[in-house]
Amino acid sequence: MDYSLTEEQRMIKDLASRIARERILPEAARLDEAEEFPWEIMRVLGESDLFGVWIPEEYGGLGGGVFEQCLVMEELSRACAGVATSYAASALGAFPILLFGTEEQKQKYLPDIASGKRLAAFALTEPDAGSDAGNIRTTAVRDGDSYILNGTKQWITNGGEAEVYTVFATVDRDKGVRGITAFIVEKGTPGFEFGKKEKKLGIRSSSTRELAFRDCRIPRENLLDREGKGFIVAMRTLDRTRPGVAAQAVGIAQAALDLAAAYAMERVQFGKPVGEFQAIEHMIADMATQIEAARALTYSVARMIDAGARDFSKESAMAKVFASDVAMKVTVDAVQIFGGYGYMRDYPVEKLMRDAKVTQIYEGTNQIQRSIIGPQVLREAARRKAGQAKGITNS
Amino acid sequence: MHVLVCIKQVPADPSAVKVDRKTNTLIREGIPVVVNPFDLFAIEEALRLRERMSSSGQKGRVSVITMGPPQARSALEEAIAMGADDAVLLSDRAFAGADTLATAYTLSRGIRRIEDSTGAKVDIVICGRQSTDGDTAQVGPELAEMLGIPHLVRVRKVESLTRESIRVERIADGGYDVIESCLPVLLTVEKGINQPRVPSLRGLMRARKAGIPVWGAQELGVEAQQVGLAGSPTRVIRVFSPERQRRAEMLTGSPEAVARLLVDRLMTAM
Ligand SMILES: Cc1cc2nc3c(=O)[nH]c(=O)nc-3n(C[C@@H](O)[C@H](O)[C@H](O)COP(=O)(O)OP(=O)(O)OC[C@H]3O[C@@H](n4cnc5c(N)ncnc54)[C@H](O)[C@@H]3O)c2cc1C
Ligand SMILES: Cc1cc2nc3c(=O)[nH]c(=O)nc-3n(C[C@H](O)[C@H](O)[C@H](O)COP(=O)(O)OP(=O)(O)OC[C@H]3O[C@@H](n4cnc5c(N)ncnc54)[C@H](O)[C@@H]3O)c2cc1C
């Protein structure tokens, strides 16, 4: 499919694809096996300017948007989704600063994030607050010109590796989500420590870690937006980053299809390549069709966001849900096409299947995405009905 | 300090290159091309030398030059995207069919013209050890001779650099030499001397817009019979891989026995 990329977008895609092929792919299996954080690759991505594709030029970026970020994510994910997650988590951690930060906060943090000199992270989830993010227990207590943080965050991507963290805490538990407040916390702040690093099913080169705050004092100027605006900060951020997860899913799925199609032409049983059996051929046809549909939806949503749409929660959730479900199905099918070889760790498809799973879970599970989409569709229907009753036609 | 890198555009897959049986020249049309892999190391080393200079407070400049058809501009763009300051394309129908001598000559004239425009000598010229298509490893040394400067081939590491001299490790049979030369000097570099960086997006955008002058025979002030096929004395008669002719044989035994054996061998050989 031709998606009419601009010259600049093509350049971004080609460069990401080249780094994926030359620098990431040869390392992917080793990093996965060793569960090693890909620092060298992060350095290369930094030098190539790719961390800054979505950051405005005045803050050291290249002035692109969510679509450019998606192009990079897709290409990196074709080579290693763990590396792509580490890359994406920095954007997830920094988006709140771009969207809600003061001019000083943007000037202070974004240029180093755009250049990859510092990685960022996003710390919302806690042991008892996953899908129910409003239930967080980490507290922030105002004390003169500072806030004092106490609590524990769980499963934070780039935890320990990142220098800049967007941390969500509550200033008043009684207020529920209206008590949630976002802060910028720098690594090295006294009272901010890292707990255990998780062992995972997939994206094993990414770091997923616990953060602990014990009387961690942070200056008041590190408050993002206002007290009580944290939940909005988190939701608006996730609306913008979910297409990136969708693009990651598309990349993983595309890698699986490429491998499966090549293998199906090569593997001979009953005297012919298995790809010539219609059962396999049709699987490949479905995989390719679903991937293209996922890509088209993802790109459309990303472009809609960049064009300045005001509300895109539904569309963003649709892209994430659809693409991640496609990635899961396609990678399972790719293992099937590889047969027993697909199940062996010497072949790359089992990793894709393990990596795909997380795209259905993080940045809001697919059940939660459907709980964003469904009610919104029903609300729109109700509004249409109300409009018709008043004799107004709505498209 | 001015560092100049000579790069060549070569087929991405050297095995895809066919030899024209009639003329014994390489058929280069219509195949994907890349910067000669050795030359990427040359570019990277030049950029590192520039970084070395700037960390010691000197200003450095990296220029890149290639002789080739108009589409060789993309090789120069790649070098600029990696960080080179400027580039020149030597291109003219008259340059076609050049052998190593004509190539080196044309390059030397290009370098002279650059020197005329800056009013100063290029301090260090860097070439790849060899190209992956022509494979001769001759252009570097020939170019050094034409420029009248010393050359150090197969450099695997630059140990130190001052305003007047450079000290390098040069691969030799069975080991390496540490060798120092005054500047200006020409180096040819080995793969593995560094890891070439990938270009940056800003670099790629700069490269796309970069003004890259194209100099032909007229700009270089060369006669048609000195360049291209006309200026190439080489006639390829046959292309083959040479047999390895030197053989080593280990003589074993007590020193006395080995000495006797050796004397016997030498006597029979004479
Ligand atoms: C099978 C075969 C047939 C050939 N037929 C002919 C023929 O019929 N007639 C003929 O004249 N020659 C012929 N050649 C040689 C010629 O085409 C060479 O490719 C060319 O002159 C450069 O030499 P090289 O590629 O061996 O470079 P090398 O000497 O191996 O290259 C070393 C370094 O020199 C520099 N360099 C080389 N070329 C350039 C360039 N164009 N611009 C800038 N820097 C450069 C690069 O830094 C490179 O890394 C033939 C070669 C082969 C292998
Ligand atoms: C590898 C990895 C990296 C992560 N990185 C980060 C990070 O960087 N920052 C961060 O803040 N978090 C991160 N997370 C956390 C992630 O966002 C949460 O895991 C996710 O939001 C789901 O929360 P949970 O795991 O607690 O599941 P739960 O909320 O406990 O859900 C359990 C099951 O119940 C379903 N469920 C829950 N509520 C509902 C409902 N209302 N309706 C229907 N079904 C429901 C869920 O869909 C799921 O199937 C990461 C997670 C993983 C696995």
Side-chain angles (χ1 to χ4, degrees), chain A residues 5-27 38-65 67-73 75-76 79 83 87 91 111 113-117, chain B residues 7 9-14 32-52 54-55 62 71 73-85 87 128 132 191-212:
Chain A
L5 302 189
T6 63
E7 191 186 342
E8 201 167 294
Q9 287 162 348
R10 175 139 297 287
M11 227 182 240
I12 290 171
K13 185 176 157 72
D14 288 348
L15 181 60
S17 152
R18 175 169 168 187
I19 293 173
R21 248 182 301 117
E22 292 179 6
R23 298 296 173 94
I24 304 178
L25 200 55
E27 288 286 300
W39 264 121
E40 171 60 19
I41 296 168
M42 292 296 119
R43 194 187 58 72
V44 171
L45 292 173
E47 283 181 356
S48 70
D49 301 328
L50 288 177
F51 276 108
V53 289
W54 58 276
I55 295 177
E57 283 169 286
E58 60 264 41
Y59 306 118
L62 285 142
F67 185 45
E68 281 77 9
Q69 168 81 353
C70 284
L71 292 174
V72 177
M73 276 303 281
E75 293 306 321
L76 299 185
V83 168
Y87 165 80
I113 287 162
S115 69
K117 225 170 106 188
Chain B
I7 68 172
Q9 194 170 54
V10 298
D13 175 9
V33 288
V34 293
V35 175
N36 177 31
F38 283 95
D39 299 348
L40 292 175
F41 296 91
I43 297 166
E44 177 65 34
E45 201 55 32
L47 298 174
R48 290 188 186 194
L49 290 178
R50 187 180 66 190
E51 282 156 18
R52 236 187 243 228
S54 77
S55 68
V62 173
Q71 55 269 32
R73 180 188 156 98
S74 64
L76 297 172
E77 282 183 9
E78 165 113 10
I80 291 176
M82 284 173 74
D85 296 291
T132 51
K191 276 187 186 171
I193 182 172
N194 52 45
Q195 180 169 39
R197 69 196 65 188
V198 286
S200 67
L201 279 172
R202 283 201 182 76
L204 286 165
M205 288 170 194
R206 196 166 69 84
R208 197 61 63 93
K209 292 185 213 124
I212 298 179

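- No donor-acceptor pair closer than 3.5 Å links the side chain of A/D49 to the backbone N or O of B/S200.
- Taking CG from A/L15 and CG from B/L204, the interatomic distance works out to 5.5 Å, rounded to the nearest 0.5 Å.
- Atoms CE and CD, on B/M205 and A/E7 in that order, are 9.0 Å from each other to the nearest 0.5 Å.
- By the 4.5 Å heavy-atom criterion applied to side chains, B/V198 and A/E22 are counted as neighbours.
- Of residues 73-84 of chain B, those residues lying under 4.5 Å from chain A by any heavy-atom pair are B/E78.
- Counting only heavy atoms from C-beta outward, the side chains of A/R23 and B/Q195 approach each other to under 4.5 Å.
- Within the 4.5 Å cutoff, no side-chain heavy atoms of B/R197 are placed close to those of A/S48.
- The neighbour count for A/E8 CD, taken as heavy atoms of other residues, nucleotides or ligands under 6.0 Å away, does not exceed 12.
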